[in-house]
Amino acid sequence: MTPISRVHKNQGVKLFIQTVIARAYPRLIGQQREKSWMFFDIVLPLLSVSAYVFIYRAINAPEDYIGFVIIGGAMTAFWMNVLWSMSSQLYWEKEQGNLALYILAPNSMMAILLGMALGGMAATTLRAAVIMIIGSWIFNVHYAVVSFSQLFLVFLLAMVALYGLGMMSSSVYLLLSREAWHISNLAQEPIYLVSGFYFPIKNFNFWIAAGASLIPLTLGLDAMRQLVFTTGASLGFLSVPIELGILSILCILFLVGSRYLIGYMEKLAIREGRLTESRR
Amino acid sequence: MRATSLKPFVRSFHLAAWLGWQIESNWADPFLFAIYSIIKPVSAAAILVVMYSVITHGNFAAPIFSYIYLGNAFYIFVGQVMTGISWAVIDDREHYKTMKYLYIAPVHFPTYLLGRGVARFIIAAFSVLITILFGVLFLKVQIDLTEVNWLLFFVSLMIGVIMLAMMGLILAGVLMLLVHHEFGIGDAIAGALYLFSGAVFPLEVLPTSLRWIGFVNPITYWLELLRRSLVGQVAQAFPTLSTLSNMQILIILITLSITFTIISGYCFRWCENLARERGLIDVVTNY
């Protein structure tokens, strides 16, 4: 009889990190295996963004607005990623049969959500950077960065808060079925509108802009525009330090909220038998 | 004899249209579904309205505003019809996992896909109507119902929808060879074509080297005819196609639509054969 070799099992923090890496891996590697994403995720959005640039050119808008559109267009990649690959992902996992396996396995659901977020964020940053670099080059956008450190901080906080929101909403999607797809679909154009992806939100009524600020990209975009364009500060909604403060609060709110919600929703979904349901 | 030979096509189309409508609409109650169908297109139009308003300080009476607004409103058909037909490939292959069964059933698959697009067409028509109504009531879009050329409008609309369906079929063929991307590729393609269709700005705004794409794009002529039929004086004020008469533009649109119909037939067959060879008919991808 040969002795049975014991399998090493990670636990605690090591298992958490291992799970994060394992869930982030397909996000990063998947796109390397399917080269068509370069066309669908970079070329097509770039053409779409160009259309908005030419609308501004057709109505003789100041040149800084071209830059606003390029930055807004690049940031749409993150919103799309959060909507389709974070929020509705658990619904897809349920449809594919993976969700029950996630629950069965001895890992934390927070680690799975974090892995999805980090993998998606890394892959999307690459797409957004390419859209921004090529768009800026084609349309000759001039940037006048006021503070690189603040710019980095704004981007970082906006991303953490945004993916925190994605993690939080994905747990809500645990309970959804076919309507998940439609809800994600609905959250595109209205959010592009109220978050000011293609124009400064200062043009809205204060309370509409304040309400839209619950979506981290609204203040993230506004602060980034203030920091990289000469006319940006005059078109800003709030000052950059205030926007940084609000983004920090949103980070904490959404990350803590996601931790609470995923636990609650998981229990609710188990109790109502929704983890394996497939209402097609 | 002819009626009998058409029967499988009619049956495939009719059943697919019914199925498509059920899939698109029965996830919510009718009221919620109606709200959903309105919010998305009105928001998309509102983005343009705000952009325009910010720069021109709300000069909605200018002809360019009606040009932009109507072009954008009718462009809703482009994304919806193309997505409706092409997304059915992903939906049936990866979500419902029924595509292989469709292939072994007495169904004409391309006709089935065209039928699946009907539901989105109906939703798009509703959205276009609401968007235009909103523009006329609140944004001074200059449509005088007594001066509308209704014959030209309905003929152009019908030809355009057929042309869009053929473009959707080309995309459906391509999708048979691709993995499940994270959002509607029909919308993405429509977003890209937005640039080259003169939908929201005259083609003269594009660099000279890119304008030819707009001139071989049938959507350019389709939108021009729709604008001319609704607000002739506004549409003809822009230089892009001002040298062409309505009849000349209609002939160009018909010629390009026939060309796309032929291309779509060949393209779909070619992609379908390749998908069969590669074993992609029942592939499931999701990462």
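Throughout, a chain's letter reflects where its sequence line sits, starting with A, and its residues are numbered from 1.
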**Item:** Pick from A:Ile191, A:Leu83, A:Leu186 with the largest number of heavy-atom pairs that fall under 4.5 Å of chain B
**Value:**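 Most heavy-atom pairs within the cutoff with chain B belong to A:Leu186.
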
**Asked** If you tally heavy-atom pairs under 4.5 Å against chain B, which of A:Tyr65, A:Tyr192, A:Phe204 wins?
**Response**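 Most heavy-atom pairs within the cutoff with chain B belong to A:Tyr65.
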
**Prompt:** Does any heavy atom of chain B fall under 4.5 Å from the side chain of A:Tyr52, the backbone, both, or neither of them?
**Reply:**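 Contact with chain B is through both the backbone and side chain of A:Tyr52.
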
**Item:** Contact class of A:Asn60 relative to chain B, heavy atoms under 4.5 angstrom
**Value:**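 The backbone, not the side chain.
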
**Request:** Would you mind reporting whether B:Pro207 and A:Phe54 have side-chain heavy atoms less than 4.5 Å apart?
**Result:**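 Answer yes - side chains close enough.
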
**Message:** Any non-hydrogen side-chain atom of A:Tyr198 less than 4.5 Å from a side-chain atom of B:Leu48?
**Reply:**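 Result no, sub-4.5 Å side-chain heavy-atom pair not found.
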
So how far is it from [X] [atom1] to [Y] [atom2], rounded to the nearest 0.5 Å?
{"X": "B:Tyr194", "Y": "A:Ile55", "atom1": "OH", "atom2": "CD1", "answer": "4.5 Å"}
{"X": "A:Leu44", "Y": "B:Leu195", "atom1": "CG", "atom2": "CG", "answer": "11.5 Å"}
{"X": "B:Ile47", "Y": "A:Phe197", "atom1": "CD1", "atom2": "CZ", "answer": "9.5 Å"}
{"X": "A:Ile59", "Y": "B:Ile68", "atom1": "CD1", "atom2": "CD1", "answer": "5.5 Å"}

**Request:** Go through B:Ala190, B:Ala44, B:Ser197 and name the one with the most non-hydrogen pairs under 4.5 angstrom from chain A.
**Result:**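 Top count of heavy-atom pairs under 4.5 Å with chain A: B:Ala44.
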
**Asked** Considering only heavy atoms, which portion of B:Leu206 lies under 4.5 Å from any heavy atom of chain A: side chain, backbone, both, or neither?
**Response**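 For B:Leu206, backbone and side chain are both near chain A.
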
**Prompt:** Looking only at heavy atoms, which two atoms of A:Arg57 and B:Val205 are closest? And how far apart?
**Reply:**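 Residues A:Arg57 and B:Val205, closest heavy atoms: CB-CG1, 4.1 Å.
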
**Asked** Where do A:Ala58 and B:Phe201 come nearest, in terms of heavy atoms and distance?
**Response**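 In terms of heavy atoms, the two residues are closest at CB-CB, 3.8 Å.
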
Anything under 3.5 Å between a donor and an acceptor, one on a side chain of residues 49-65 of chain B, the other on a protein residue two or more places apart or in another chain? List them.
{"from": "B:Tyr52", "atom 1": "OH", "to": "B:Asn59", "atom 2": "O", "distance (Å)": "2.7"}
{"from": "B:Thr56", "atom 1": "OG1", "to": "B:Tyr52", "atom 2": "O", "distance (Å)": "2.8"}
{"from": "B:Thr56", "atom 1": "OG1", "to": "B:Asn59", "atom 2": "N", "distance (Å)": "3.4"}

**Prompt:** Does OH in B:Tyr101 sit with more than 12 non-hydrogen atoms of other residues, nucleotides or ligands closer than 6.0 Å?
**Reply:**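 Atom OH in B:Tyr101 is not packed in, count stays at 12 or less.
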
